[in-house]
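Right, one structure below, let's go through it.
Each chain gets a letter, A, B and so on, in the order the sequences are listed, and its residues count up from 1.
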Amino acid sequence: MAYRHIGQETPRPDSADKAAGQAVYIHDFERPQMLHGKIKFAEQAHARIVDIDTSKAERLPGVKAVITAQNTPEVRIGFMRDNFALKRDKVRQFRDEVAAVAAIDPDIAAEAVELIEVTYEPLPGVFTPKEALAEEAPLIHETDPRGQPRENNRLDLRYHHESGDPHLGRQAAKYSVEGTFSTPLIQQSCMGTAGCVAEFDRNHHLTIWAKTQIPFLAQRDFIQMLGAIGLKERNCRVIVPALGGAFGTGLDTHAYEYISILLAWRTGRPVKVLYDREQEFSYLSPRQSSEVKIAQGCDENGKLTFRWVDVLMDNGAYTSWGATYPTVMMLPATSLYRVPNVYFDAKLVYTNNTYCQAMRGYGNPELNWALESNLDELAEVAGIDPLEMRRINCNRAGEITPMGLQVTTCGLRDCLESVSEKIEWTAKRRQGKRRGVGLASLFHVGGGGRIYRSDGSGLILKLDDFGNVNVYYGGVEMGQGLHSALSLGVAEALGVKPDKVFVNPTDTGTCPWDVGTHASRGAFMACNAAIKAAADLRRQIFTHAKSLFPKIVAKNLKRYQKKHPHYTAPDVDVAALVDRSTFEMRDGVVRLADAPDEPWLSVSLDTLLRGIHFRSQGEMLLSHVFYDPPNELPDFEKGRGNMSATYAYGVQGAEVEVDVETGEVTILRLVASHDVGRVLNPQTLKGQMYGALAQGVGYALYEEVCTAEGRILNPNFADYKIPTIAEMDFPIELDFIETDDDRGPFGAKGVGEPGLVPTAPAIANAVYNAVGVRIRDLPITPQKVLAALKRKG
Amino acid sequence: MTPEAYYKPRTLEEAFALKADHPEAFFIAGGTDLMVLMRAGICRPSALISLRHIEPLHQLTVGATTHIGAMTRVAELLEHPEIEERYPLLTAAARRLGSPQVRSVATVGGNLANASPCADTAVALLALGARIRLASPDGEREIPLDQFFVGPKTTCLFSQELVTEIILDEDARGTHGVFIKKGRVKMDIAQASLALWARVKDGQCEQIRLAAGSVGPVPLRLPEVERVLLNHPLDDDRISQASTAAEQTVQPITDIRATADYRRQLIGVFVRRALRQICTESR
Amino acid sequence: MTQIVSFVLNGAPVQVPADPHQRLIDLLRGPLHQTGTKEGCGQGECGACTVIIDGRPVNACLYPAPEADGTTITTIEGLGGDNTELSTIQRAFVECGGIQCGYCTPGMILSTKALLDRRPDPTEAEIRQGLAGNLCRCTGYVQIIESVKWAAERLRDKS
């Protein structure tokens with residue numbers, strides 16, 4: 001199908017303000033009378049709080065409030081309710097919040113925090129899942145949120161899947177390989193650090209400007225908190241400013257947000273809490289680390305007979321969404337390639353390390369690292385080329401995977417062939433000279449991801465007198481290009497020009513409900529909702545056109561004839577034509593399908609809208625829809641359920657060179673072929689992919705949050721390295737496979753996350769091809785490569 | 001404590017007088033390190049005495065003897081055509097120092113006085129056999145650069161003393177210079193760095209100096225390695241001996257950026273590579 | 001001891017009090033209300049706060065505020081023409097998709113300007129060197145390189 005705007009390289013609507021430095025981020029934002037909040041962190045991994053002395057801080061001029069768990073109501077946070085905004089009896093991780101200050105400027109607040117004296121009684125800490133699972137291990141949480149005593153440090157979350165007969169599958173395998181693969185803590189590294197401003201109005205309603213990806217779930221969390229502090233039935237309005245990146249950091253509400261609310265309530269003034277870079281690294285939750293034990297086996301023809309996956313995750317001291325990575329790990333574990341017999345189990349353990357949250361990919365990069373590395377090992381043992389191995393077991397459209405995922409369209413095979421061709425697989429596999437190529441595939445949700453009961457998105461389109469289309473959508477633009485997708489999608493579906501579409505700031509007070517911008521669902525949901533709303537609006541517009549159109553074109557004709565005295569109008573019975581023909585709208589101009597192409601025989605949308613508004617008993621045109629995709633909330637304890645309406649596939653190939661004296665891995669080029677369903681805007685899609693690849697490169701080669709006894713050792717960009725423009729100095733070739741999925745808007749699938757999922761195993765597989773060493777713990781640092789080379793001899 | 005005053009003296013005398021009045025004050029050159037340390041609360045000077053406005057510290061003259069004013073910014077050094085022509089080793093190292101933004105303000109003197117074991121220009125200047133001139137209210141003195149560094153972040157500077165210039169006595173044209181640095185990424189503090197300068201005749205090093213960064217408490221000269229190489233044919237065996245000597249000489253530590261063992265191995269590799277490069281160049 | 005510093009900001013003379021411990025970025029974002037200059041790390045590692053001082057790119061978070069006295073400073077607010085026109089470099093970033101979340105963008109654009117002012121026809125290697133001090137987490141830099149090339153080409157055509 002030919003589209004007018006979809007598929008066109010189009011600059012983003014939000015970029016001009018950003019280029020001018022005019023976009024307002026939370027850092028740039030002020031309210032009258034605003035105070036600045038700062039937090040006192042524990043800097044103890046596990047200790048009993050004996051005493052908190054805030055007297056000196058309180059006496060400091062300029063300080064307006066000092067709060068602790070002693071002088072504020074208890075505020076429980078996190079979906080397991082195992083965390084507190086301020087800690088009362090003990091601290092369980094280095095970054096625990098024990099007190100907070102609001103002052104007239106940030107420096108005074110910081111000085112006051114220094115003056116708070118906390119006396120601790122240190123407790124023994126546990127810093128690995130193994131230590132935490134030991135019989136005599138100290139308990140991180142003595143009781144569960146209901147007050148029942150806990151017996152061990154295991155989390156009460158179960159993620160399990162079994163299909164076919166994994167034991168039998170293992171026995172049936174002619175070849176099998178087992179290995180354990182680990183991934184480190186990763187910092188999302190948003191360029192704009194975290195922060196918020198909380199403010200109460202005189203009716204005790206709360207407004208919070210928050211760096212969030214879940215405005216409506218955040219609203220629910222905050223309203224719940226208001227109840228806990230004695231403000232039942234009060235509203236919370238969440239407004240999202242320009243976000244300096246999010247990458248998953250905005251998927252949960254954070255202690256600092258609750259603290260800013262407590263401070264605002266205590267002082268009666270707006271309070272901003274803003275993290276600096278060091279705090280962002282030290283006190284914000286990173287990507288969850290993981291350890292994945294995997295075994296896969298195949299028959300003599302390379303057909304997979306089983307896959308066995310045991311995941312062990314260090315949950316840290318509290319529970320956020322990091323603990324739910326297995327819900328996504330399950331997808332590739334059960335469904336990437338055709339495997340008849342699958343075992344998947346994940347355990348999570350409390351430790352005194354930092355607790356973790358979401359990051360782009362959400363468990364998939366962690367599982368994929370193990371799966372795709374291990375598959376190359378299996379291919380080698382079976383004597384099959386790794387590409388051929390993947391062809392043999394390739395997924396197909398129409399299949400239902402062991403988890404019950406319905407594959408509507410599948411571009412995996414095309415992606416494999418594309419990468420094979422572009423990376424020159426056959427030639428480059430045997431090139432020697434310490435160079436090699438490797439590839440890895442991915443499987444991810446591409447049509448929303450139902451992890452709550454609703455996977456829905458509301459959307460409102462409102463037309464004004466000038467043919468402008470105002471869009472109200474509860475999802476969040478965080479740099480990924482949501483507003484670009486929305487403006488193109490609305491323009492396409494409605495029949496107006498994209499520059500007449502205005503996407504309004506996300507605000508729970510004006511936008512309809514949305515579950516959140518996660519799971520690569522932004523463009524998929526927003527555009528599906530837009531298509532639905534646009535169809536409704538067109539129906540309304542055309543209904544009104546039936547009565548208004550003949551009068552307006554009659555006037556048009558008069559005006560036209562005045563200007564062009566020699567013009568003879570064809571004999572058209574407009575009223576009859578209206579009855580028999582259908583209306584259509586293109587670029588904001590309404591005409592009749594069967595009408596002759598006359599300059600006066602059409603009505604611009606704005607003229608029509610004024611006609612609808614400015615009359616007795618007029619109307620205004622607006623459409624609101626709620627789109628909830630055709631997918632299911634899986635039963636994660638059984639590992640069954642079609643989580644997404646459609647699924648994304650992709651393959652990445654890497655060519656590397658290894659310096660065998662220093663262990664350094666140099667990427668010579670990357671190829672990424674992705675099944676994207678349909679390209680909505682090539683410019684933003686490429687941007688998403690290039691950006692994800694860079695994150696994948698950092699994840700593969702050097703990114704790692706280092707800790708010692710729970711303390712973060714590299715809380716800055718001097719010591720936590722992300723790729724610079726100098727690192728990304730190699731050709732990247734992208735190829736988008738358009739499978740045109742019926743469930744996708746204009747055929748498109750979600751693609752926000754896939755770009756970084758297979759990058760690390762593709763690179764690791766290339767390293768193996770180049771020099772014959774296999775690194776199983778990310779990142780693939782030169783030191784590890786060199787040590788492995790020495791071991792190999 | 002935050003600094004109570006920011007002084008901008010125009011002469012050295014003025015700067016010394018201010019320092020005498022404010023013993024807890026710090027001199028500030030480009031400030032690219034000090035600004036970070038102050039903000040982190042690691043340095044708490046009572047006042048800052050800027051060296052930016054002292055004209056003589058900015059002088060840069062290239063000739064039979066080259067004088068580089070301590071306040072010469074790294075970017076200025078890089079842009080100076082004669083420095084590039086005569087001391088490519090120095091510009092190679094300076095190019096690897098920080099980002100363009102840092103090089104715009106960081107100074108050559110500051111990079112030395114900071115006495116970081118990883119200082120890129122220090123390593124190159126050690127290999128070039130630089131001397132430095134120091135000034136204090138009591139007068140001036142000149143010392144070889146390798147006597148300047150005393151320990152991690154410490155120099156032999158007296159409390160009121162300043163680096164005023166760096167002096168290079170020989171024109172390095174017709175000689176060989178190699179700078180090798182490796183970080184975790186391209187723009188990084190060195191995991192290890194090596195500078196080698198040599199005058200080669202008939203396949204032998206008549207003169208040679210090696211210096212290494214991030215493999216000891218200070219930027220190190222490697223005299224043991226120099227002894228292995230001086231006046232010997234540069235054959236594979238000799239290169240291998242030198243590489244081993246380098247690995248044995250250095251005293252790296254393990255930190256977040258690299259293990260001691262890895263740094264040691266890197267230095268061995270760098271020595272081999274640098275020597276092979278001069279072999280190729282001198283052939 | 002607060003002192004008044006005077007400098008030329010985006011073509012206009014300004015006078016503003018500066019404390020000894022303050023950084024240039026504190027003046028810009030504080031009393032001067034030029035919040036286009038972003039603070040990304042406060043340690044000179046990310047380049048989000050890049051401004052141009054006397055023709056050179058500088059991290060405003062490492063630059064002592066008292067040293068602003070007597071300088072000429074360009075920030076992102078000084079790049080466009082009058083009204084709301086974007087400059088060629090800004091337009092390049094918009095046209096080529098060099099912007100995602102936009103937080104690194106002002107610094108990235110000023111580093112580009114500093115580069116192109118000195119080297120109107122940079123090689124790709126020079127572009128990478130020139131922007132090596134500016135971190136971006138969103139774009140992977142490919143479209144940023146394209147933006148710089150686009151801008152360089154148009155600026156050359158103009159002159």
Between A:Y690 and C:Y141, ring centroids under 6.0 Å: no
Ion pair present between A:E703 and C:R137, side-chain N to carboxylate O less than 4.0 angstrom?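 Salt bridge: yes.
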Run through C:I109, C:I76, C:I99 and flag the one making a side chain to side chain contact (heavy atoms under 4.5 Å, CB included) with A:K18.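 Filter result, single survivor: C:I99.
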Tell me, for [X] versus chain C, whether the close heavy atoms (under 4.5 Å) come from the side chain, the backbone, both or neither.
{"X": "A:D107", "answer": "side chain"}
{"X": "A:M478", "answer": "backbone"}
{"X": "A:E9", "answer": "neither"}

Taking C:R29 for the side chain and A:H27 for the main chain, is one N or O donor matched with an acceptor at less than 3.5 Å? yes
Verify, without hydrogens or angle tests, whether C:Q90 (side chain) and A:A19 (backbone) share a donor-acceptor contact under 3.5 angstrom. yes
Should A:F247 and C:C138 count as side-chain neighbours, where that means a heavy-atom distance under 4.5 Å? yes
Within a strict 4.5 Å, meaning less than it, do heavy atoms of the C:Q143 and A:K686 side chains meet? yes
Using heavy atoms and a sub-4.5 Å threshold, report which of [range] line up against chain A, by residue number.
{"range": "residues 40-65 of chain C", "value": "C:G40, C:C41, C:Q43, C:E45, C:C46"}
{"range": "residues 149-159 of chain C", "value": "none"}
{"range": "residues 112-135 of chain C", "value": "C:R128, C:L131, C:A132, C:L135"}
{"range": "residues 31-38 of chain C", "value": "C:T35, C:G36, C:K38"}

Approximate separation, where rounding is to 0.5 Å, of A:Q688 CD and C:T139 OG1: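 Rounded to the nearest 0.5 Å, the CD-OG1 separation comes out at 11.0 Å.
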Partner chain C: residue of A:N716, A:T684, A:D276 with the largest heavy-atom pair count (under 4.5 Å): A:N716
